[in-house]
2 protein chains.
Amino acid sequence: MTTGPEVPANRTATLTDVAKLAGVSIATASKAINGRGEVRATTRVRVLEAAELLSFAPNALARGLLSGRTGTVGLLTSDLEGRFSIPILMGVEDAFGAGQVSVFLCDARGDAIREKHHVRALLSRRVDGLIVVGSRTDPRPPLAGNIPVPVVYVYAPSANPDDISITVDNVGGGQLAIEHLLSCGRRNIAHITGEAGFQAARDRADGAAAALAAAGLRMIGHRPYFGSWDESWGRAAAHMVVEQHPEVDAIFCGSDQIARGVLETLRDLGRDVPGSTSVIGFDNWDAVAAHSRPRLTSIDMNLKRLGAVAGQRLFAAIDSATAPSSEEFPGRIVIRESTVPIG
Amino acid sequence: MTTGPEVPANRTATLTDVAKLAGVSIATASKAINGRGEVRATTRVRVLEAAELLSFAPNALARGLLSGRTGTVGLLTSDLEGRFSIPILMGVEDAFGAGQVSVFLCDARGDAIREKHHVRALLSRRVDGLIVVGSRTDPRPPLAGNIPVPVVYVYAPSANPDDISITVDNVGGGQLAIEHLLSCGRRNIAHITGEAGFQAARDRADGAAAALAAAGLRMIGHRPYFGSWDESWGRAAAHMVVEQHPEVDAIFCGSDQIARGVLETLRDLGRDVPGSTSVIGFDNWDAVAAHSRPRLTSIDMNLKRLGAVAGQRLFAAIDSATAPSSEEFPGRIVIRESTVPIG
DNA sequence: GACGTCGCTGAAAAGGTTTGCAGGCGTACT
DNA sequence: AGTACGCCTGCAAACCTTTTCAGCGACGTC
């Protein structure tokens, strides 16, 4: 009937089909394909040809059922819309080689019920481990219930110190930003940032304050300008800062979007950036930071690396029970044209 | 030893454990849990209590091995960085209820080799179907090899008309934009867009030209200004347009980023937006469109809906063989402050 | 030429769930 | 009270792969 020899109709080929076609037992076929045991070279070739011909792919379900390892990992995120999850997700994917481990992606949308559903489904699918990505850096409640597989929390740490958490050093990020501005000779530095309810905003502000204090300085207005994370707050706050403190010569912004707003207002007010006022953003969101005029210096949180580390830690924890740990990773500064030494 | 009764140590509970605890056979336990067969109410309760106590979750591997259905779907994307995949991905997740179907996410990064690896891994995991998301709207080569499960192509259609493809109506999007500008009384309309190598750019331009022709008009310069998709091209092109055709009273931009650049240049040149020149973008990328000054009217491609439809089509194709189809979905206009009736 | 050893192959079990089929017991009706 | 029917329960097979163990054949050596 069909051209191919013994190609099963509507069914994917099984090891039995391959063995039959190669004229060996399924045990020999398995060994030939996996390189296990001693199989004569000619036999192996025959089996591999048969497998190729039938486009045989070993059934990972059966394999997992037997070995107890599925080679799958669940990734639980809270905000796919947000731009934090994606780089982390890519880092995780990189950590496991392509095709070695497959990632189940679930978006809980910040809903605890939905999260529970997803966890249940993932455990039922016998994932080897879980990665939980938060949408903000505030500690989050650990997964409820007895989770029989390792869990790694990324970006948002678990509130339980017995868990494994990987986070960004936001305090250090704030310091980085200020130190760069100081190295540019700036002394009158303001800080415009997002909602004070966010740990990230407070941490960055604390880092900034600490770096300034180390240089014997205080930030303009003696406190950060907390507001929201978007451009309009950047525009509004920049107006306030310039009006109240015209001596300002640098503004550290809590997000690139805020920085965009700040840039726009400074431009409106006729203040030269970076000459008279340098501006630095946070997140290094390429679409926003790399296309402004002038292009924005920004703190990059290395989220992709964060995800890769999470993948590695999870991998280690799967292989052998690992001690709880809480790691914080520094960001790095990406210098563009919005900051420049005074002169 | 432990407080819980017979809770297995480092092993997840199996149906045998539940049955033993409830004092029934595994068959009865299975039927009680799945509501199959006739089981006495009291027995069922006893089994369910035992399952709850052991936090039993049926092994989806074993179930899938037997039934041939895994309740998993592979989602193959080419650009996670890009902002097209994510809304589509969310739509797909929505289409399958939470916990019903789990999604394997794979990013091929535009690499055919990597894509082949991922497909192989997914088929080996016995996914019930595949969704392929493109990064641009140009038709893409269909997946190579014999794929024994249904495949749905989203955003980028398959080059093979025998496949199932779900795409955006870019021509219609271009028309929408122009019709809105015409309804605002604009007559001297320019079109600044991305690379001519992109089908999306050409389609939107064609739609724009058609809508203008229907009104007896031609676009300013008699052709679109093709360039790149970013702000700097928007700035540069806007300079050219205004210089060469000062009579321009509206600009239709191929992306929100281009529109941002256009807005900035118009502002620099002292042209009032939306009064003297209206501007409309494309993509309705919230972070970009909703925070500019003025906020940007834009064409939204309804990507989330696109993903949801893809999920539904895949679901239907899994349940029963479906005829090939190629569907195109219209976008919608989101009106903000950058467009306004003349006068 | 015979025996031993090594190299190769195959039979069988395990992993957890679902389901068809058969059997057992209880109840109701005659 | 007996029989029949129906409700409920349990045994066993099947899904597909991996791995252990045993067996067979061939070759080499004595």
Provide the closest heavy-atom pair for B/Val92 versus B/Gly307 in the form atom of the first, atom of the second, distance.
CG2-O, 3.4 Å

Just do the salt bridge (Lys or Arg N to Asp or Glu O under 4.0 Å) check on B/Arg114 and A/Glu93 with the steps written out, would you?
CA-CA 12 Å; B/Arg114 198 186 287 254; A/Glu93 242 213 346; 5.7 Å; no

Backbone N/O of A/Thr70 and side chain of B/Arg125: donor-acceptor pair under 3.5 Å
yes

Looking only at the side chain of B/Leu66 (C-beta and beyond, no hydrogens), which of the listed nucleotides D/dA14, D/dT19, D/dT9 gets closest?
D/dA14

Would you classify B/Ser67 as touching base, sugar-phosphate or nothing, given that sugar-phosphate means primed atoms plus P, OP1 and OP2, and contacts are heavy atoms under 4.0 Å?
nothing

Just N and O in the side chain of A/Ser30: are any of them under 4.0 Å from OP1 or OP2 of D/dT17?
no

Starting from P on D/dT20, measure out to CG on A/Asn34 and report it in whole angstrom.
13 Å

Over how many whole Å does the gap from A/Lys31 atom NZ to D/dT17 atom C1' extend?
13 Å

Specify the separation, in whole Å, of atom CG of A/Leu65 and atom C1' of C/dA14.
9 Å

Among D/dT9, D/dA12, C/dT17, the one nearest B/Val39 by side-chain distance
D/dT9

Nearest whole angstrom, please: distance from the C1' of D/dC16 to the NZ of A/Lys20.
14 Å

Can you tell me if the side-chain N/O atoms of A/Thr16 get under 4.0 Å from OP1 or OP2 in D/dC16?
no

Of C/dG15, D/dG10, C/dT17, the nucleotide closest to the side chain of B/Ala62 is C/dT17

Could you tell me whether the phosphate oxygens of C/dT18, OP1 or OP2, come under 4.0 Å of any side-chain nitrogen or oxygen in B/Arg36?
no

Rounded interatomic separation in angstrom, taking CD from A/Glu38 and C1' from D/dT19
15 Å

Which heavy atom of A/Val154 sits nearest to which heavy atom of A/Ile131, and what is that distance?
CG2-CG2, 3.6 Å

Rounded distance (Å) that lies between atom P of D/dC15 and atom CZ of B/Arg69
17 Å

Can you find a side chain N or O atom of A/Thr14 that sits less than 4.0 Å from OP1 or OP2 on D/dC16?
no

Using a cut-off of strictly less than 4.0 Å, decide whether B/Thr28 has a side-chain nitrogen or oxygen near OP1 or OP2 of D/dG10.
yes

Grab the CD1-P distance between B/Ile26 and C/dT18 for me, whole Å please.
10 Å

Does a side-chain N or O of A/Arg63 approach OP1 or OP2 of D/dT18 to a distance below 4.0 Å, or not?
yes

Gap between atoms CG and P, on A/Asn59 and C/dG15 respectively (whole Å)
18 Å

Pair A/Asp94 + B/Arg109: basic N to acidic O under 4.0 Å:
yes

